Each structure stands twice: as C-alpha cells, then as structure tokens.
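Take a look at the structure below.
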Amino acid sequence: MSLIKFADVSIGYEGVNVLSNLSFEINAGDYLCIVGENGSGKTTLMKSMLGLISPISGTISFNDGLKQNHIGYLPQQSKIQKDFPASVYEVVLSGCLSKGFLPFYSKFQKKTAFDNMQKAGISDLKNKCFRELSGGQQQRALLARALCSTEKLLILDEPITGLDPIAAQELYTLIKQLNHNGITVIMVTHDVNAAIVNASHILHLEKETYFYGTTHTYLHSDIGKRFLVTDCPCDNCQKNHRGGV
Amino acid sequence: MIAEMFTYNFIIRAFVVGILVSLCASLLGVTLVLKRYSMIGDGLSHVGFGALAVAAALNIAPLEVAVPVIVIAAFLLLRISENSKINGDAAIAIISSTALAIGVFTASLSGINTDLNSYLFGSILATSNSDAIMCVILAVIVIVMYFIFYNKIFAVTFDENFARATGLKPSIYNMVIALLTALTIVIGMRIMGTLLISALIIFPAITSMRLCKRFKSVIVCSGILSVICFFAGMLISYNYDTPTGASVVLTNCAAFLVFWLISIVKVKITKSKTIRHINL
C-alpha cells in the first residue's frame with residue numbers, strides 16, 4: 001500500500017504553477033531521490049509534502065497511518081544556526097515536540113532522543129555545543145532530531161551540501177542503513193551519481209515534464225540518459241554493453 | 001549604606017520592579033538576539049515614549065495607553081521583519097523615529113518638558129504604587145508564559161522551518177514573543193528610560209553567549225547576570241547620584257567586556273594547548 005499518493009497535483013506560488021499534473025505513489029520502504037535542475041520545483045514539491053504549501057489542484061493523500069506532522073524533516077541549515085548556543089541534546093530533543101502537548105519533555109520523549117542519537121552515532125556528542133561540531137556531525141544531529149518526529153518517513157533537503165566527500169559518504173551510508181531498517185526516505189539532491197547508487201526510485205523534475213520510476217528504468221529512459229554520463233551499472237546492462245562493443 | 005537605602009519606599013519599589021524587568025528582559029533577549037529581532041525591542045521602546053508623552057498630555061494614566069499601543073506596534077514590527085519584501089530594519093527605524101518625534105512634539109505643545117528627561121532616560125522616582133503593582137502582575141505573566149512555552153520557543157528560535165513541518169505554528173509563537181517583549185518594555189520604560197531599555201534586553205544575552213554553550217545555560221546565566229547588573233547599577237546610582245538607567249546600562253556593558261575578555265583568553269588557552277599537544 002502506498003504511503004503518499006499524489007493524484008494529478010499542481011503546485012505553485014500566487015496562482016502560477018511551478019509543477020503541473022504530478023501523479024505518483026511512494027510506497028513504504030522506498031528510497032526516492034528527487035533530482036532536477038535549479039528552479040525545476042524540487043523544493044516546492046517537498047514543501048507540499050510537508051504541508052507548508054497546499055496544492056493548487058489535485059490531492060496529496062497520506063496512508064498507512066502516516067500523519068503529515070509525523071514526517072522527519074532535515075531542512076537545509078539556516079544562518080541563525082551558525083552561531084546558536086545549544087547542546088546536541090537540546091537540538092535532538094526539540095524533534096520530539098510534535099508528539100506532546102505538555103510544556104516539559106516526558107521520560108518517553110527523552111528516551112526517544114537518546115535512542116535516535118544512538119542511531120545517528122552521536123551519543124558521545126550529547127553535551128557538545130552544536131555550533132562547534134563539524135559539518136558532518138551537525139547533519140547527524142539534525143538527522144537524529146528528524147528521527148524523533150517520525151517512525152516512517154524521512155524527508156531530506158540536500159543533506160550533503162557543504163560536506164567533504166568522506167563525511168558525505170558516511171551520511172549516505174547512515175541514511176541507507178536507516179532505509180534498510182524500514183524507514184522510507186525521500187531526498188532532494190543535486191548529487192545524481194549518489195542518487196542512482198542509493199535510491200530505489202527517482203523523480204526527475206523538468207520544466208513541463210517529469211520522470212517517475214525505479215532507478216533502473218530511469219537509467220534507460222531518455223530523460224535519464226540526457227542527464228547522466230554514466231551507463232547503467234547493473235550486471236545485465238554491463239554484459240549487453242560489453243557484448244555490443 | 002544599603003540598609004539606609006532600603007528605608008525609602010520608592011527605592012524598594014524601584015528594586016522590585018527593576019529586578020522583575022531585568023529578569024523578563026534577559027529571558028526574552030536571548031530569543032530576540034538569536035532570531036535577529038534585537039531592533040524590534042529598540043523600536044518598541046521609542047513607540048512607548050510616544051505613547052507616554054501623548055498620555056501625559058491628555059492626562060491619562062500612562063500605562064493604560066502605553067500597553068495597548070506597544071502591543072499593537074509589536075505585532076506590526078514583527079510583521080515587517082517577517083515580510084522580506086519591505087526592508088525590515090529601515091522600516092523599524094522609520095517607525096521609531098516617527099514615534100519619538102510625536103512624543104517630543106506633543107510634550108512641547110502641552111508644555112510638560114520637565115518630564116521629558118525622565119521619560120527618555122528613566123527615573124526611579126517615576127513609579128507610583130499602582131504602577132508598581134501593575135508591573136509586578138505583568139512581569140509574573142511574562143515569566144510564567146516564558147516557562148510554559150520554553151521548549152516551543154527554543155524550537156521556533158532554532159529552526160523555524162523544522163518547527164513548521166512538525167506542526168508547530170511559528171507565527172503564533174513569534175506573536176507570543178512579541179507580546180511578551182511589548183509587556184516587558186512597558187514595565188521597564190519608566191525606570192530605565194525609553195532610550196536605554198533595549199540595552200536590558202540585548203546586553204545580558206550577548207554577554208552570556210560569550211561563554212555559555214547551551215541554550216538553557218545561556219538563559220540562566222543572562223537571568224542572573226541581568227539581576228546582578230541591575231542591583232549594582234542601582235547601588236552606583238544611589239551612591240553617586242547618577243541616573244539609574246545609564247548606571248544599569250554601564251554595569252551591563254562592564255559585564256560584557258569582562259565576559260568577552262575571558263572568552264578571548266579561553267580560546268587562546270585551548271589553541272596553545274592543542275599546539276602543545278601536536279608538538280608532543
């Protein structure tokens with residue numbers, strides 16, 4: 001059963017469509033990468049999933065017991081965070097807010113925060129100051145915060161921006177691992193090469209058209225071939241390719 | 001000397017109100033500084049001056065006019081700061097100078113120039129008994145609301161986008177912050193003066209951020225610091241017969257310099273430690 005279903009959705013600002021007539025379904029356990037050039041509407045689409053903007057027409061439905069405010073969101077970092085005095089624990093704990101109405105955090109919420117710091121591999125950084133962490137560590141802390149507000153779905157907005165290659169690879173590994181453990185992942189990214197390695201599905205947005213399908217079909221589609229330099233890495237295609245040459 | 005000081009009723013009143021205002025201002029200041037809203041506090045105090053002057057000219061109780069005017073101005077300034085289409089800081093500057101001009105204008109028309117100085121720079125004599133009671137009530141409201149919303153205020157300050165995605169409504173909490181700031185400024189205006197009250201909001205936060213690394217410790221540190229600085233400022237003011245507002249601001253400034261120096265020394269020490277570590 002699908003987790004999120006887009007039925008003929010058009011999204012835009014002030015009545016002008018940025019994206020028109022999108023229809024696709026995201027299933028539980030998928031790893032979807034949303035790619036496309038700047039201005040193609042990746043961020044707009046993501047905002048509509050988070051309920052920050054509502055579609056002009058069509059419906060976005062959430063199934064399988066998923067609530068819109070129970071999505072784990074990893075936004076791009078803002079200027080304010082660069083010099084914000086906060087411990088990693090305080091940051092992670094703030095992800096639990098969607099699940100409580102009390103003015104103070106409950107024992108359960110604190111435990112959730114601990115568990116997710118462990119999952120993100122930052123338990124030892126608990127009392128460190130957020131602004132003094134490395135870029136990779138900061139992203140892990142924000143990922144742990146995102147995990148606090150969800151059990152099912154993570155939405156990541158260009159998570160490797162500004163990271164060095166090693167930190168980026170570590171973050172990809174961590175995300176893949178979370179996906180293996182059953183969390184659905186939706187990632188907006190510019191890193192197409194990493195997308196085709198990690199993702200199970202690709203959504204490629206272009207002006208007036210889009211592609212949605214598995215990574216394998218994407219690599220064989222016209223839109224994918226135009227956008228990518230690499231050939232499909234799967235065994236079959238490599239064999240055919242070698243046979244052809 | 002301190003014992004003699006507290007035999008005067010007006011001094012006790014000023015202390016009670018001042019300490020509560022310092023506490024409120026320092027709590028809110030952390031959020032305002034981090035959200036880049038420091039100028040809102042400054043703008044609001046100028047609007048407050050305008051409101052006080054008009055109230056005095058019309059012979060109405062000053063707080064009854066100032067509270068609604070400043071609360072409305074707070075929402076307006078917040079709107080302007082959030083709306084990126086208008087140049088926020090320029091708009092705040094326009095509003096504050098206009099309000100200041102209205103204040104000076106009405107004051108001179110109605111011929112109450114003698115009070116002008118006390119409005120601008122504050123006076124411990126200015127709080128009447130009924131003012132003091134209202135100040136205590138407002139301060140308690142601010143402090144209680146701040147603690148009720150503490151976690152949400154943290155979330156909204158740290159990352160508005162994430163907060164919105166998890167179903168919090170940042171605009172509501174921004175309005176709560178604006179409302180609490182407005183109330184704090186109203187009660188602090190008479191003692192500190194409208195030109196100096198914004199220092200009470202900004203200084204403790206900036207000072208404690210030099211050394212504290214957790215949000216909670218920043219809040220606690222600025223609260224304590226703010227109360228100590230107010231106390232010291234009042235003692236100086238009483239002893240040397242200096243204006244209260246200015247004395248409090250200067251003690252705050254001194255505290256800032258001390259914290260700033262310590263933070264520089266601290267960085268130097270950790271640097272030399274790591275260098276020594278590498279050499280070993």
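Naming: A, B, ... by sequence-line order, numbering from 1 per chain. For clarity, every value in this text was computed on a predicted model and none was experimentally measured.
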* Asked: Is it the side chain or the backbone of B:F158 that comes within 4.5 Å of chain A heavy atoms, both, or neither?
  -> both

* To do: Answer with side chain, backbone, both or neither: which region of B:L34 has an atom nearer than 4.5 Å to a non-hydrogen atom of chain A?
  => both

* Structure fact -> All heavy atoms of A:F108 vs all of A:T112, minimum pair found to be O-OG1, 2.7 Å

* To do: Flag the one option from B:D159, B:V218, B:T157 with the top tally of heavy-atom pairs under 4.5 Å to chain A.
  => B:D159

* Flag the pair A:K111 and A:D115 as a salt bridge only when some basic side-chain nitrogen lies within less than 4.0 angstrom of an acidic carboxylate oxygen. => yes

* Asked: For chain B, which residues of residues 124-145 of chain A have at least one non-hydrogen atom nearer than 4.5 Å to it?
  -> A:C129, A:F130, A:R131, A:E132, A:L142, A:R145

* Under the 3.5 angstrom rule, does the side chain of B:S26 hit a backbone N or O of B:L23 as a donor-acceptor pair? -> yes

* **Residues of residues 205-217 of chain B with any heavy atom under 4.5 Å of a heavy atom in chain A** => B:M209, B:C212, B:K213, B:R214, B:F215, B:K216

* To do: For the residue pair B:F149 and B:Y173, categorise the inter-ring angle as parallel (less than 30°), tilted (30 to 60°) or perpendicular (more than 60°).
  => perpendicular

* chain A heavy atoms under 4.5 Å from B:R36: which part of the residue, side chain, backbone, both or neither? -> side chain

* Asked: Is a side-chain N or O of A:T150 found less than 3.5 angstrom from the main chain of A:H70, in a donor-acceptor match?
  -> yes

* Asked: Are the side chain of A:D164 and the backbone of A:I166 linked by a donor-acceptor contact shorter than 3.5 Å?
  -> yes

* Heavy-atom distances under 4.5 Å only: say whether A:K47 touches chain B with side chain, backbone, both or neither. => neither

* Between A:F84 and B:F154, how do the two ring planes meet: parallel, tilted or perpendicular, split at 30° and 60°? -> perpendicular

* Considering all heavy atoms, the nearest A:A113-A:L93 contact -> CB-CD1, 3.6 Å

* Structure fact -> For A:T161 and A:E158 the tightest heavy-atom approach is OG1-O, 2.8 Å

* **Stepwise side-chain contact (heavy atoms from CB on, under 4.5 Å) test for A:I122 and A:V88** => CA-CA 9 Å; A:I122 49 161; A:V88 170; 3.8 Å; yes

* Side chains of A:M187 and A:N198 in contact at under 4.5 Å (non-hydrogen atoms) -> no

* Asked: Is the count of non-hydrogen atoms from other residues, nucleotides or ligands lying under 6.0 Å from A:Q76 atom CD greater than 12?
  -> yes

* **A:I80, part contacting chain B, at a heavy-atom distance under 4.5 Å** => both

